[in-house]
Structures are given as C-alpha cells and as structure tokens.
2 protein chains.
Amino acid sequence: MQPDCVVVDAMGGDYAPAAIVRGALKAHDEGLSVALVGDPERIRSLVGDSHIPVLAAPQVVDPSLGALPALRASPRSSLRIALEAVRDGRAAAAFSCGSSGAVLLESMRTLGALPGVARPAICVAIPRVDQRPLLLLDAGASVDCRAEHLVGFAQLGAAWARAHGADRPAVGLLSNGEESRKGNDAIRAAAVRLAASPLRFVGQVEPHRALAGACDVLVADGLLGNVMLKSLEAAVDLVTSNLDQIAPPAAEALRERLGWRRRGAASLLGVRGIVLVGHGRSDAQAVVAAIRVAARAVRSDATRALRRALAEP
Amino acid sequence: MQPDCVVVDAMGGDYAPAAIVRGALKAHDEGLSVALVGDPERIRSLVGDSHIPVLAAPQVVDPSLGALPALRASPRSSLRIALEAVRDGRAAAAFSCGSSGAVLLESMRTLGALPGVARPAICVAIPRVDQRPLLLLDAGASVDCRAEHLVGFAQLGAAWARAHGADRPAVGLLSNGEESRKGNDAIRAAAVRLAASPLRFVGQVEPHRALAGACDVLVADGLLGNVMLKSLEAAVDLVTSNLDQIAPPAAEALRERLGWRRRGAASLLGVRGIVLVGHGRSDAQAVVAAIRVAARAVRSDATRALRRALAEP
C-alpha cells in the first residue's frame with residue numbers, strides 16, 4: 001500500500017462489495033494507486049490475481065441502523081479502518097459508498113475537523129448551463145441545521161471554490177423563492193448573517209437560477225440539498241430514458257455529460273483529510289469515476305489548499 | 001361573463017399583464033369560457049376587439065411584500081376580486097400566477113376550507129416514468145409544516161387521486177432516504193401517524209423512486225416540495241438546452257412531454273372552489289395550458305368530487 005493511495009471501503013453501498021471491487025480494479029488498471037478495505041476473503045475472491053492491496057476489516061457498518069448506533073455496533077468497521085489509514089498517513093484519501101451520515105460521524109471521530117470548522121458538509125459539483133461547476137452543500141450529511149451551520153457551510157464552500165481557483169465565488173442559499181423573506185427561519189437568519197459577512201452573498205436562490213449561473217456555491221441543510229441533488233439526478237435519468245426511445249445516441253451523450261454515474265463522488269469538506277462519499281447506488285463505473293476524483297484531490301493536496309483558503313479573510 | 005368561466009388574475013406573475021392576457025385570449029379563441037380581472041385600461045388595450053369579459057380591480061397584490069402584508073395593503077386586488085367571483089358563483093374557477101402564499105391566504109379568507117381540511121396545499125401532477133401522474137403536495141404554499149399538516153396533505157392528495165379514479169393510491173413522504181429514521185422530525189412523526197392511518201402509506205420516498213412509480217402521492221412541506229419541483233423543472237430545462245445542440249427535434253419532443261410550460265397549473269386543494277396557481281414565470285403558452293386544466297376541473301366538478309373523496313373512510 002502506497003501513502004498516496006485511495007483507500008476504498010469495499011463494504012459500503014447497495015452493490016457492495018462486488019461493484020465496489022470491480023470499480024477499484026478498473027482504477028487500479030488505469031494506474032491509479034488504490035487499496036481495498038473489508039472482508040478479506042470476499043474481496044480476494046473478487047480481485048482474483050490482481051495485486052491490489054487489501055486491508056482486512058472484521059466489521060461492516062449496518063445501513064439499517066442510524067449512523068450513531070451503527071458506528072457503536074462496529075468499532076472495527078471497514079469505514080473506520082479506511083479512515084484510520086488516512087489519519088495515520090498510510091493512505092492519502094478514503095472513499096465510501098456507505099451511509100453519508102456514518103461517513104460524516106466516523107470522519108469527525110477519526111480525523112477531526114479542520115480549524116474553524118464546526119460541522120463538515122458533503123459538497124457535490126453539479127454542471128451549470130455554462131458548464132462551470134455549481135458547488136452544492138450540504139448534500140446530505142446533516143438534516144437538521146441552524147443558521148450558524150448554514151453560514152459555516154457557506155464559508156466551507158467558498159473556501160473550496162477559492163482553493164480551486166475561483167475569485168470571489170458567489171454564494172447563494174437554496175430556497176423556494178428569491179426574496180429575502182423566502183425560506184424557513186434558518187435560511188432567513190443565515191441570509192442576514194451572510195449579507196454582513198465578507199463573502200460575496202447573492203441571497204436566496206432557486207434551483208433554476210443556480211443552474212443558470214446565479215451562484216458558484218449553493219448552501220442548504222442536508223435534507224433540502226439532498227432532495228435537490230436527487231431530484232436533478234432523477235430528472236436527468238427520466239429525460240434520458242424518455243430520449244432513449246427518440247434518439248438513443250443523444251441520450252447516451254447527455255448521460256455522459258450530465259449523469260451522476262460519471263460525476264464521481266461528493267467531497268466531505270471540513271475534516272482533516274480527503275474523504276469522498278459515493279452514491280449508495282454506485283455501480284463500478286461510478287466507483288472508478290469517484291476514485292479518479294479522489295486521486296486528483298490527492299495530487300492537488302486538496303485538504304491543505306482548503307485549509308489555507310479557510311484561513312483567508 | 002358565464003358562470004362556468006375561468007376567471008384569470010391578469011396582474012399576477014413576472015410577465016403580467018401582457019403574457020397573461022395573451023394566454024387568456026388564446027384560450028378564449030379555443031372556445032374556452034374565460035374572463036380577465038385587473039386594471040381595465042391596461043387589459044382592454046391588450047385584448048383589442050376581443051369580446052373577452054373584463055372585471056375591473058383597482059389594486060394589485062405587491063409581490064415584494066410577504067403574503068399577509070401584501071393582502072392587507074390591497075383589499076380590492078385582482079386576486080381578491082377573482083376569488084370573490086368564484087365564491088359568488090359568477091365564475092367556476094380562478095387562476096393566478098401571483099405569489100402562491102398570497103393565493104393560499106386569500107383563498108382561505110374568501111372561499112374558506114373544505115370540511116375537515118386544516119390547511120390547503122398546492123398540488124402539482126408530475127409525469128412519472130410510466131407516464132402516470134405523481135401528485136406532489138405541498139408544492140410551495142406552506143413553508144413551515146408540522147407532522148399534522150403533512151398528514152393532512154396526505155389525506156388531501158389521496159382524496160384528489162381517488163377523485164381522479166385511482167384505487168387506493170400509494171402515499172409517500174418526500175425524504176433524503178427510504179428508512180423510517182430518514183427525514184426531519186416532522187417527516188418522521190408524520191410517518192408514524194400515516195402508518196397507523198387507513199391510507200396506503202409506503203414510507204419515506206426519494207425523488208428517483210417516486211418518479212419510478214413507488215407512490216402516486218408524494219407529500220412534503222412547501223419548502224422541500226417546491227425545491228423538488230423546481231429542481232425537476234430546472235433539470236429538464238438544462239437537459240433540453242444541452243440537447244438543442246445535439247438533436248433539436250428530440251429536444252422539442254421532450255419539452256412537449258416533460259416541460260412545465262405544457263403542464264398547466266397547480267391546484268390549490270382543500271378550499272371551497274377551484275383555484276389554480278401558475279408559475280411566476282408563466283408565459284402565454286403556460287397560461288393557456290393552465291386555463292385548459294381549469295376548464296377540465298370545472299367540467300368534472302372537481303371540488304365536489306374531492307369533497308366526496310375526503311368524506312370516504
């Protein structure tokens with residue numbers, strides 16, 4: 001196992017371990033540095049004679065439990081052992097398709113938060129109409145958020161955008177309308193605080209305006225952000241499946257451009273290390289895409305860049 | 001003005017009154033019974049020599065205010081006068097593209113709620129993968145909802161589905177996951193109550209499974225429901241605009257099948273009369289589609305059918 005490797009939780013996700021292992025093998029074949037964590041016998045039977053490193057983990061996070069009870073029940077889970085490898089410098093990034101709540105909690109426990117970060121968030125890059133990325137966070141880690149959490153997510157998202165070269169990224173709050181009285185109490189209170197902050201805050205933003213380019217960073221609690229993300233994905237799936245009957249090559253081109261399976265993974269921002277969260281429904285293709293994203297984050301030393309951007313005024 | 005007519009608030013919406021009047025004129029040309037309410041001079045200058053009836057309203061609901069202050073500031077608004085025409089039996093349905101919160105409040109005040117309905121909801125029919133409608137409510141009238149409101153929306157939506165011929169419609173709660181612990185406190189509490197109700201409750205449902213057919217009625221607070229609806233619309237717009245570059249006829253076919261401008265309007269369920277709410281961005285085409293939906297609701301005596309379905313066990 002190389003210290004620049006992406007350690008993959010083979011046991012998390014609807015199609016684990018088979019789809020996860022297949023994806024990791026593909027990434028390995030592409031020359032990416034990858035390791036797998038989980039039940040060693042099941043993994044070895046799936047990897048065949050590939051020389052991909054395998055870390056043994058005796059337990060699995062039970063997805064039928066809530067995050068906290070599940071982590072209590074499995075202190076030596078594949079997720080935990082993957083995160084410990086990152087913490088101890090034996091790996092450079094961790095990736096899991098398990099429950100995002102469990103990944104959040106276990107990452108906080110194992111890696112800890114970056115300075116100044118009260119609550120990490122899951123950040124996903126969505127292609128806007130102008131093909132530039134819209135960073136949506138939180139995409140599903142924390143359902144219940146107060147205004148201070150939303151403000152924290154805005155700071156995290158803006159720092160992440162700056163760490164990726166954006167100059168004064170525009171920050172919006174996901175809402176059901178654009179006026180300052182729109183949204184729930186937490187959204188309205190966060191809007192007041194963000195308007196008084198050094199961030200370039202553009203107010204409450206609706207989904208269509210966000211995709212049209214009204215902001216670079218779109219902030220929401222994990223319930224609202226997750227429903228927006230999954231609605232976009234569901235609509236793209238619905239449209240491309242309708243299009244399959246009319247113009248199959250166009251459907252395939254659109255899937256390539258907009259489908260979530262090619263996007264890779266979401267980043268857990270705000271913890272001390274690179275952690276990526278995949279779709280529960282990830283297939284091998286989605287896993288490869290995610291590992292590519294993780295490898296890029298490793299090469300660009302993404303956590304250090306985020307930390308530096310967070311420290312900027 | 002005929003008693004079976006759809007009375008259209010000419011002054012509500014981003015492109016009012018021009019786009020609204022153009023849409024009403026088209027519907028009138030199709031032989032539908034329509035009347036317009038608003039500033040009589042502006043409307044007459046737009047309708048030309050058409051014989052469409054015009055009701056004068058001296059005031060307009062100010063969209064820059066919240067619903068309650070806006071209604072207080074305009075007791076003789078075009079919205080109010082349209083709803084009074086329905087209340088007094090001079091018209092059979094009202095349609096407005098103004099603020100949905102204002103339409104909800106003014107409808108409650110002018111028409112009142114149906115027996116047993118604590119809070120009306122905006123219900124929109126979304127095409128599922130199998131081309132059958134998914135009823136989503138609340139799509140934006142009430143941002144802050146407790147469990148009891150979500151249960152009420154479930155009863156309303158199920159009754160509306162039965163009134164349209166569905167047998168034991170499946171009801172789901174929009175959430176960020178499918179397990180019973182998913183969602184916020186209101187969603188989880190509503191799930192417990194719905195599981196014990198006579199409704200066919202299928203639990204928490206994510207957007208993609210709802211569109212795939214997991215339920216006929218999808219219940220959410222107005223913030224979550226609105227963000228889902230607008231995300232779906234934004235994604236369809238994004239995909240079809242991408243597709244314009246690849247396969248323009250396919251893009252047009254998809255817009256025809258899935259775009260919100262052809263869908264018509266959303267129904268305000270639970271008030272004593274037929275009230276439809278249009279998109280703020282409605283153009284003339286969307287207005288015609290909405291008036292057609294309203295006319296169909298009038299012909300089928302939709303409010304009476306809903307009332308009867310609500311009274312069923």
Side-chain angles (χ1 to χ4, degrees), chain A residues 63-67 99-101 126-129 131 139-140 143-144 174-177 179 181-185 187 206-212 220-243 246-247 249-251 253-254 257-258 280-281, chain B residues 63-67 99-101 126-129 131 139-140 143-144 174-177 179 181-185 187 206-212 220-243 246-247 249-251 253-254 257-258 280-281:
Chain A
S64 74
L65 302 173
S99 139
S100 47
I126 298 168
R128 299 194 311 202
V129 171
Q131 306 292 330
V143 163
D144 295 304
L174 177 58
S175 184
N176 59 324
E179 301 91 348
R181 68 194 148 68
K182 288 289 185 170
N184 58 20
D185 290 344
I187 293 170
E206 292 181 285
H208 76 103
R209 284 233 310 134
L211 292 182
D221 67 52
L223 175 59
L224 202 61
N226 191 267
V227 162
M228 172 171 169
L229 177 64
K230 286 180 176 159
S231 298
L232 293 175
E233 292 172 354
V236 170
D237 282 354
L238 177 70
V239 172
T240 49
S241 75
N242 266 274
L243 194 57
I246 310 174
L254 279 181
R257 205 187 281 190
L258 301 171
R281 290 185 285 139
Chain B
S64 73
L65 302 173
S99 139
S100 47
I126 297 169
R128 300 194 311 201
V129 171
Q131 308 291 332
V143 162
D144 296 304
L174 176 58
S175 184
N176 59 324
E179 300 90 350
R181 69 194 146 69
K182 289 288 186 172
N184 57 21
D185 289 344
I187 293 170
E206 291 183 284
H208 77 103
R209 282 231 311 132
L211 292 182
D221 67 52
L223 176 58
L224 202 62
N226 192 267
V227 163
M228 172 170 169
L229 177 64
K230 286 181 177 158
S231 297
L232 293 174
E233 293 172 352
V236 170
D237 282 354
L238 177 70
V239 172
T240 48
S241 75
N242 266 276
L243 194 58
I246 311 174
L254 280 180
R257 205 187 283 190
L258 300 170
R281 292 185 283 138

>> Assess the residue pair N242(B) and Q131(A) against the criterion (side-chain contact (heavy atoms from CB on, under 4.5 Å)); give the C-alpha distance rounded to whole Å, side-chain angles, the decisive distance to 0.1 Å, and a yes or no.
In response: CA-CA 10 Å; N242(B) 266 276; Q131(A) 306 292 330; 3.5 Å; yes
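With respect to chain A, the highest number of heavy-atom pairs below 4.5 Å among A235(B), A253(B), A251(B) belongs to A235(B). Among the candidates L224(B), N184(B), D221(B), L238(B), the residue making the largest number of heavy-atom pairs closer than 4.5 Å to chain A is L224(B). In terms of non-hydrogen atom pairs under 4.5 Å with chain B, the most contact-rich of L232(A), L174(A), V129(A) is L232(A). The residue among I126(A), D185(A), N226(A) with the most heavy atom pairs within less than 4.5 Å of chain B is N226(A). Chain A forms the most heavy-atom pairs under 4.5 Å with one residue out of S231(B), A250(B), S175(B), and that residue is S231(B).
Here the straight-line distance linking atom NE2 of H208(A) with atom CZ of R281(B) works out to 3.5 Å at 0.5 Å rounding. Note that NZ of K230(A) and CZ of R209(B) are 11.5 Å apart. Values are rounded to the nearest 0.5 Å.
Looking at V143(A), only its side chain comes within 4.5 Å of chain B, counting heavy atoms on both sides. The contact between R128(B) and chain A is made entirely by backbone atoms, counting heavy-atom distances below 4.5 Å. Contacts of D144(B) with chain A are made by side-chain atoms alone, with heavy-atom separations under 4.5 Å and no backbone atom involved. When heavy atoms are compared at a cutoff of 4.5 Å, P127(B) approaches chain A solely by way of its backbone atoms N, CA, C and O. In this structure, the portion of I187(B) lying under 4.5 Å from any heavy atom of chain A is its side chain and not its backbone. If you measure heavy-atom distances from L229(B) to chain A, you find no contacts under 4.5 Å at all. Using a 4.5 Å cut-off between heavy atoms, P249(A) does not touch chain B at all. Contact annotation for I246(B): only side-chain heavy atoms (C-beta onward) come within less than 4.5 Å of a heavy atom of chain A. Looking at S64(B), only its backbone comes within 4.5 Å of chain A, counting heavy atoms on both sides. With a threshold of 4.5 angstrom between heavy atoms, L211(B) approaches chain A through side-chain atoms but not through N, CA, C or O. Contacts between A247(A) and chain B at a heavy-atom distance below 4.5 Å involve the side chain alone, from C-beta outward.
Smallest separation of non-hydrogen atoms from G101(B) and A67(B): C-CB, 3.7 Å. Shortest non-hydrogen contact noted between M228(B) and V227(A) is CB-CG1, 3.9 Å.
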